[in-house]
Amino acid sequence: MKYLDEYRSEPIAEKLVAEIRHVVTRPWVLMEVCGGQTHSIVKYGLDRLLPAEVELVHGPGCPVCVTSLEMIDQAHAIACRPDVIFCSFGDMLRVPGSKSDLLILKSRGADIRVVYSPIDCLKLARANPDKQVVFFAIGFETTAPANAMSVWQARRQGIKNFSILVSHVLVPPAMASILQSPLNRVQGFLGPGHVCTVMGCREYEPLAARYRVPIVITGFEPLDLLAGVLMTVRQLETGRAVVENQYGRVVTRDGNRVAQDLVNQVFEVCDRKWRGVGSIPKSGYKLRYEFRDHDAGRKFGVEEIDTPEPAACISGLVLRGVKKPHDCPAFGKQCTPDHPLGATMVSAEGACAAYYAYGRHLQKFKEPETGLLQT
């Protein structure tokens with residue numbers, strides 16, 4: 001299959017690993033930003049193939065994981081209303097709030113539906129004029145264009161019973177927050193390929209220059225990631241700190257200008273709380289004033305809900321690259337996919353879920369014997 005099998009070639013992977021071993025002369029800590037990258041790294045054991053000098057830590061690029069606890073509780077407050085059809089992507093249903101999750105609320109009679117696009121909600125709103133249809137709009141810049149389009153279309157078509165609960169977050173401010181932290185260990189980034197498909201590479205250039213940190217925009221297949229590691233290590237070893245694009249088959253420097261224009265028309269930048277991390281200035285989107293009638297937080301008066309984070313879960317430290325999932329005493333014991341303490345164990349892109357799915361909760365983890373990139 002084009003752009004799949006050829007990016008999982010074992011002989012090429014061996015050559016890339018050998019070249020990394022040849023280039024590296026000292027310890028370096030790299031962070032892959034995106035949760036999809038984390039899952040590929042753990043699934044294929046890429047971090048175990050790298051020389052001991054190269055450590056990979058996992059970043060905040062899982063949109064489900066970083067959706068704040070208070071935002072989850074706001075969603076629950078809206079979903080419980082009898083006049084609401086609450087719509088969400090499926091990966092949000094089991095994310096725990098302070099008391100429950102959407103799946104439990106659905107079992108108790110709340111009208112909660114899984115959709116595959118926010119545009120589907122417009123059809124629901126037209127078909128149910130006596131109900132308020134609310135979409136849980138989470139995610140990074142990647143999902144913002146589709147969510148912006150749903151609001152733009154609702155306003156254009158006069159669909160007044162549709163609104164979105166906005167919890168969009170932005171990658172560059174989160175990276176800056178990590179670099180500014182006194183706990184920071186990160187010396188180079190594997191940048192988020194999907195986000196950059198929309199936003200391009202340009203906005204990462206000031207970060208690289210200000211913090212003197214290499215940023216290599218990287219894809220999601222094993223060879224993408226190994227090539228990204230090699231490019232980052234080469235920069236670090238030679239004292240360079242620029243933005244490079246490994247994912248050139250998808251990402252350009254300027255990104256998708258049409259999508260960006262739509263997002264900027266509907267949303268504006270705001271401060272945003274991140275689960276386990278806290279508030280990061282100018283790290284999210286909110287609806288512009290002219291689209292306020294489609295703002296579910298405002299419409300249902302839930303914006304004042306404020307929920308403290310539980311102390312038992314260290315997901316915030318995992319998302320900042322300070323700790324790894326197996327550093328948590330609850331990992332694989334009190335916290336499992338069936339009984340998660342935090343969103344990093346629930347989400348399909350969460351680091352804790354990846355470690356658990358591929359056996360890293362087991363004390364005696366056995367490396368696969370069927371080949372370098374086989375699972």
Side-chain angles (χ1 to χ4, degrees), residues 63-64 67-68 70-72 74-92 102 110-171 194-195 197-200 203 254-273 282-305:
V64 175
T67 301
S68 69
E70 65 186 44
M71 188 60 68
I72 301 293
Q74 289 178 22
H76 292 182
I78 295 172
C80 286
R81 292 176 59 104
D83 59 335
V84 166
I85 299 174
F86 193 86
C87 301
S88 172
F89 294 141
D91 54 2
M92 291 302 298
L102 289 171
D111 193 346
I112 297 171
R113 308 189 191 186
V114 174
V115 295
Y116 296 96
S117 167
I119 301 298
D120 295 341
C121 300
L122 301 184
K123 300 176 185 177
L124 272 176
R126 286 193 295 267
N128 297 273
D130 58 329
K131 295 279 190 175
Q132 291 291 328
V133 176
V134 179
F135 178 70
F136 199 2
I138 73 154
F140 290 95
E141 296 95 326
T142 316
T143 55
N147 293 337
M149 177 59 75
S150 69
V151 173
W152 188 86
Q153 288 283 8
R155 186 182 184 213
R156 175 174 170 269
Q157 297 174 23
I159 303 175
K160 297 182 179 180
N161 62 326
F162 169 73
S163 58
I164 64 174
L165 182 63
V166 183
S167 186
H168 273 299
V169 286
L170 309 178
V171 172
H194 285 162
V195 168
T197 301
V198 176
M199 304 303 293
E203 64 179 353
D254 292 327
N256 187 327
R257 289 291 184 86
V258 174
Q260 294 169 28
D261 290 344
L262 176 62
V263 168
N264 291 331
Q265 181 180 342
V266 175
F267 294 119
E268 61 182 326
V269 173
C270 66
D271 298 345
R272 178 70 67 194
K273 276 192 177 180
K282 298 181 179 179
S283 67
Y285 284 138
K286 66 178 181 179
L287 285 172
R288 291 189 178 275
Y289 181 79
E290 53 266 40
F291 294 95
R292 64 192 180 282
D293 291 341
H294 299 285
D295 184 343
R298 173 181 175 274
K299 180 180 287 189
F300 296 99
V302 298
E303 295 174 318
E304 300 304 316
I305 292 177

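Side chains are part of it too, since the values below use all heavy atoms of this structure and drop only hydrogens, waters and symmetry mates.
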Any H294 side-chain heavy atom under 4.5 Å of R155 side chain:
yes
With no hydrogens and no angle check, is any side-chain donor or acceptor of T143 less than 3.5 Å from a backbone partner on I138?
yes
Reported CG-to-SG distance for the pair L124 and C87, which is rounded to 0.5 angstrom
5.0 Å
Just checking E304: does its CD atom have more than 12 heavy atoms from other residues, nucleotides or ligands closer to it than 6.0 angstrom?
no
Using atom types as modelled and distance alone, determine if a side-chain donor or acceptor of R272 lies under 3.5 Å from a backbone N or O of S68.
no
Looking at side-chain heavy atoms only, is the closest gap between V115 and C121 below 4.5 Å?
yes
Is there side-chain contact between E290 and V266, with at least one heavy-atom pair below 4.5 Å?
no
Partner set under ring pair (Phe, Tyr, Trp, His ring centres under 6.0 Å) for H168, not counting sequence neighbours:
F267
Indicate every side-chain donor-acceptor pair of residues 160-167 with a distance under 3.5 Å to a residue at least two apart or in another chain.
unit_1, atom_1, unit_2, atom_2, d
N161, ND2, A125, O, 3.0
N161, ND2, N128, O, 3.1
N161, ND2, K131, O, 2.9

Of all heavy-atom pairs linking P118 and A146, the shortest is CG-O, 3.6 Å
Between CG of L287 and CG of D295, what distance do you get to the nearest 0.5 Å?
5.0 Å
Just how far is it from atom CD1 of I119 to atom CD of Q153, taken to the nearest 0.5 Å?
6.0 Å
Approximate separation, where rounding is to 0.5 Å, of W152 CH2 and N147 CG
15.5 Å
Check for me whether the distance between the ring centres of F140 and Y285 falls short of 6.0 Å.
no
Would you name the heavy atoms of D91 and V64 that are closest together and state the gap between them?
OD2-CG2, 3.4 Å
Ignoring hydrogens, what is the shortest heavy-atom contact between A79 and A110? Give both atom names and the distance.
O-CB, 3.5 Å
Do the side chains of H76 and I72 get nearer than 4.5 Å, heavy atoms only?
yes
Flag, side chain of Q260 to backbone of V198, donor-acceptor distance under 3.5 Å
yes
Where do R298 and D293 land on the side chain to side chain contact (heavy atoms under 4.5 Å, CB included) test, with the steps shown first?
CA-CA 8 Å; R298 173 181 175 274; D293 291 341; 4.0 Å; yes
If you compare all heavy atoms of P145 against all heavy atoms of A259, which two are closest, and at what distance to 0.1 Å?
CG-CB, 3.8 Å
Side chains of D111 and V84: does their closest heavy-atom pair fall under 4.5 Å?
no
Taking all atoms of both residues into account, what is the closest heavy-atom pair of L170 and K282, and its distance?
CD1-O, 4.0 Å
Taking atom types as modelled, find out whether R81 and Q132 have a side-chain donor-acceptor pair closer than 3.5 angstrom.
no
Correct closest heavy-atom pair for E141 and V171 would be OE2-N, 3.2 Å
